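What follows is a set of notes on a single structure, which appears directly below.
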Amino acid sequence: MDVFAGFHGRVLAAVQQLKHDGVVPHEASLDGITLEPPKDAFHGDLATNAAMVLAKAAGVPPRQLAERIVPLLASDPHIDKVEIAGPGFINLSLAPAFWPSVLRMVLEQGDAYGRSAFGEGEAVNVEYVSANPTGPMHVGHCRGAVFGDALANLLAFVGYAVTREYYVNDAGAQVDALARSVFLRYREALGEDIGEIPEGLYPGDYLKPVGETLAANHGRALLDAPESEWLPITRSAALKAMLVMIEDDLDQLGIHLDVFFSERALIDGAHDEVAETIAELKAKGLIYQGRLPPPKGKIDEEWEDREQLLFRSTEFGDDQDRPLVKPDGGYTYFASDIAYHRDKFRRGFRSMIDVWGADHSGHIKRMQAALAALTEGKAHLDIKICQLVRLFRAGEPVKMSKRAGTFVTLRELVDEVGAGPVRFMMLYRKNDAPLDFDFTKVTEQSRDNPVFYVQYAHARASSVLRQVGETFPDLGTESTELIRADLDRLNDPAEIAVIRRLAQFPRVVEAAAQTHEPHRISFYLFDLAADFHGLWNRGKDLPQLRFIYEDDRELTRARVALVAATRRVLALGLGILGVHALHELH
RNA sequence: GACCUCGUAGCUCAGUUGGAUAGAGCACCAGAUUCCUAAUCUGGGGGUCGCAGGUUCGAAUCCUGCCGGGGUCACCA
């Protein structure tokens with residue numbers, strides 16, 4: 001919970017009092033009233049805009065209204081000073097005793113600190129990765145995978161019931177191409193010279209073992225069989241192998257999904273869910289046979305004007321109606337994607353999040369249109385777009401070409417720099433902004449490598465907790481013991497700065513969860529690390545400011561409490577990002 | 001042409017859902033430091049928040065129109 005929530009209540013109570021006194025009209029809305037730590041500590045510990053928000057309704061200038069609010073707040077024993085500033089802000093300075101109470105709360109709550117019931121146990125489906133199951137994962141998939149996973153962690157942290165889901169696109173032409181590629185490898189395994197892999201098929205060596213397994217299991221039986229017979233067999237073998245490989249790749253990054261949802265199962269199951277979905281939309285009058293205008297601004301020679309089965313997505317804000325059936329009679333990707341989201345809805349999810357690559361951003365409107373149509377607005381779908389990742393090595397761009405086989409796989413990336421740095425860097429940028437990833441930089445031990453900087457703070461904190469026993473052997477470092485320390489003795493500005501930062505953690509977490517922006521956690525951790533390093537550095541110049549101060553056992557204990565709390569919050573934040581906190585660096 | 005997205009310090013980017021004097025890191029400048037709590041520290045300069053309007057107590061943030069970069073644009077996934 002937010003450590004400042006109580007003060008927000010005080011402000012609202014003060015305003016209620018003013019309503020009661022007739023200063024503020026009863027119907028005035030209190031929604032816009034905030035109470036937040038100001039950016040600049042010069043403005044106190046907390047600031048509220050209450051007077052400015054209510055001034056108009058009350059017909060009184062903001063500062064004058066603030067004069068009425070101030071005495072109502074000043075009586076609070078935890079509030080030291082109340083000042084009116086600027087256009088009508090009310091700035092609160094908290095009693096010195098407040099900060100130790102925050103620290104005590106962190107220690108008491110332990111791993112529960114920052115968690116909340118915000119999500120109220122609501123079921124949320126987070127769909128991410130969803131790479132084509134046709135080969136190993138490469139860096140292009142990596143960002144979305146990490147982002148989705150961290151977002152799922154974050155939502156779980158604030159009390160949502162999260163399902164992590166991977167949509168397996170195993171129904172399209174791509175997987176048939178995969179199956180044919182595997183069939184070649186099967187013939188190869190039986191001793192045939194297959195020559196060059198033809199254009200349009202998958203040339204990668206990773207399919208060889210799949211061919212070999214087929215050869216071992218089926219012998220030469222498939223060689224003379226018609227395609228209609230061997231294709232399903234090779235396809236299912238290939239898909240199985242690819243999913244094992246993908247799951248293994250994801251495992252390298254610490255990603256474990258709850259559900260792998262097969263696109264094919266939508267059609268091949270007991271009933272054709274796509275047909276059902278289309279029928280449902282048809283019943284709503286949203287399906288028709290029609291023609292689409294050719295794309296403007298570019299001349300497409302291949303364009304042919306023809307009638308197709310269309311969904312009226314324009315009625316829900318899309319730019320164009322969208323086709324559901326291909327010329328060959330099969331469903332379009334969009335059609336099965338609608339059925340897939342309908343399936344999620346029928347499984348009970350009213351809240352869904354999809355993580356997509358930037359190249360799919362043009363599909364957002366149609367998907368939301370379809371879901372709105374099917375669920376009559378009862379479901380909420382947020383689609384998060386992850387921008388490209390550009391790879392660098394010591395500042396130089398890494399050239400990648402899929403055709404030349406020089407694209408970097410996720411596995412290579414993780415093998416070289418480690419899962420933690422990969423995850424942290426992927427989250428050290430807003431999801432919809434492009435990201436530069438430098439192999440050299442993420443392993444550098446310097447301040448401009450945020451991964452190192454945050455881990456180093458955690459390692460330093462761990463080191464203090466390890467070493468304090470050498471000076472004070474009987475000084476326990478468990479929370480239950482540290483909580484009894486005389487925390488009022490922490491009054492150095494750098495110490496207070498760290499506590500203030502710790503106090504912000506719950507609201508940062510909540511804001512990140514609400515906006516679906518895990519990067520806010522990364523930036524918070526960097527700031528917390530900076531505060532902690534700042535405190536550490538003061539001890540370099542002034543030995544009496546060191547955490548372990550041999551002349552004063554009780555002061556040491558109070559400081560160790562601060563260190564333990566900082567370490568806890570660093571670990572919690574890293575945990576949300578899915579990064580393992582390090583106890584020492586090498 | 002349409003839609004989406006971005007535009008903030010020399011560079012890379014944050015910006016608490018509309019708050020006060022717009023912040024970090026690198027780079028630059030000036031000092032400190034050889035310390036073992038190694039993997040630096042302190043301070044400083046640097047800004048038309050792309051441009052122009054609008055909304056209001058208050059705009060980098062919301063609305064409109066331009067300018068510029070990127071992405072997408074029947075059927076593939």
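Note on naming: letters A, B, ... go to the chains in the order of the sequence lines (proteins, then strands), and numbering restarts at 1 for each one. Quantities reported herein were computed from a predicted structural model and do not represent experimental measurements.
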From A:Arg143, A:His519, A:Gln387, residue fulfilling side-chain contact (heavy atoms from CB on, under 4.5 Å) relative to A:Arg429
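Of the listed options, the one satisfying the test is A:Arg143.
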Given that A:Val325 and A:Asn49 both sit by RNA chain B, which one's nearest nucleotide is further toward the 5' end?
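Counting from the 5' end, the first nearest nucleotide belongs to A:Asn49.
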Which residue lies more 5' along RNA chain B, comparing A:Leu545 with A:Glu304 via nearest heavy atoms
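Closest to the 5' end, via its nearest nucleotide, is A:Leu545.
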Nearest whole angstrom, please: distance from the [atom2] of [N] to the [atom1] of [X].
X        : N     : atom1 : atom2 : answer
A:His141 : B:A77 : NE2   : C1'   : 10 Å
A:His43  : B:G19 : NE2   : C1'   : 10 Å
A:Met52  : B:A20 : CE    : C1'   : 8 Å
A:Phe526 : B:G15 : CZ    : P     : 15 Å
A:Tyr456 : B:A38 : OH    : C1'   : 6 Å
A:Asp176 : B:C76 : CG    : P     : 13 Å
A:Ile33  : B:G19 : CD1   : P     : 15 Å

Donor-acceptor list for residues 52-64 of chain A side chains, cut-off 3.5 Å, not counting sequence neighbours:
| from | atom 1 | to | atom 2 | distance (Å) |
| --- | --- | --- | --- | --- |
| A:Arg63 | NH1 | A:Gly86 | O | 2.6 |

On a plain distance test, is the side chain of A:Asp337 in donor-acceptor contact with the base of B:A77 below 3.5 Å?
no
Verify the neighbour count for atom CZ of A:Arg557: are there more than 12 heavy atoms of other residues, nucleotides or ligands below 6.0 Å?
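More than 12 within 6.0 Å, yes.
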Verify the neighbour count for atom CD of A:Gln467: are there more than 12 heavy atoms of other residues, nucleotides or ligands below 6.0 Å?
yes
So, is B:U21 syn or anti if syn means the angle is within 90° of 0?
anti
Using modelled atom types only, decide if a donor and an acceptor are shared between the side chain of A:His141 and the backbone of A:Val129 within a distance under 3.5 Å.
no
Classify the angle between the aromatic ring planes of A:Phe311 and A:Phe316 as parallel (below 30°), tilted (30 to 60°) or perpendicular (above 60°).
parallel
Taking only the side-chain nitrogens and oxygens of A:Arg322, find out if one of them lies under 4.0 Å from OP1 or OP2 of B:C75.
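No, outside the criterion.
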For the residue pair A:Met367 and A:Trp356, establish whether any side-chain heavy-atom pair is separated by less than 4.5 Å.
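A:Met367 reaches A:Trp356 side chain to side chain.
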Quick one: does A:Arg501's side chain get under 4.5 Å of A:Tyr524's, heavy atoms only?
yes
Can you check each nucleotide of nucleotides 5-14 of chain B against protein heavy atoms at under 4.0 Å and return B for base, S for sugar-phosphate only, - for none, in 5' to 3' order?
-S-----SSS
RNA chain B base-pair string [pairs: Watson-Crick or G-U under 3.5 Å; |: paired with another strand]:
(((((((..((((.....[...)))).(((((.......))))).....(((((..]....))))))))))))....
Would you compute the distance between atom CG of A:Leu435 and atom CE of A:Met425 and round it to the nearest 0.5 angstrom?
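Result: 6.0 Å between the selected atoms.
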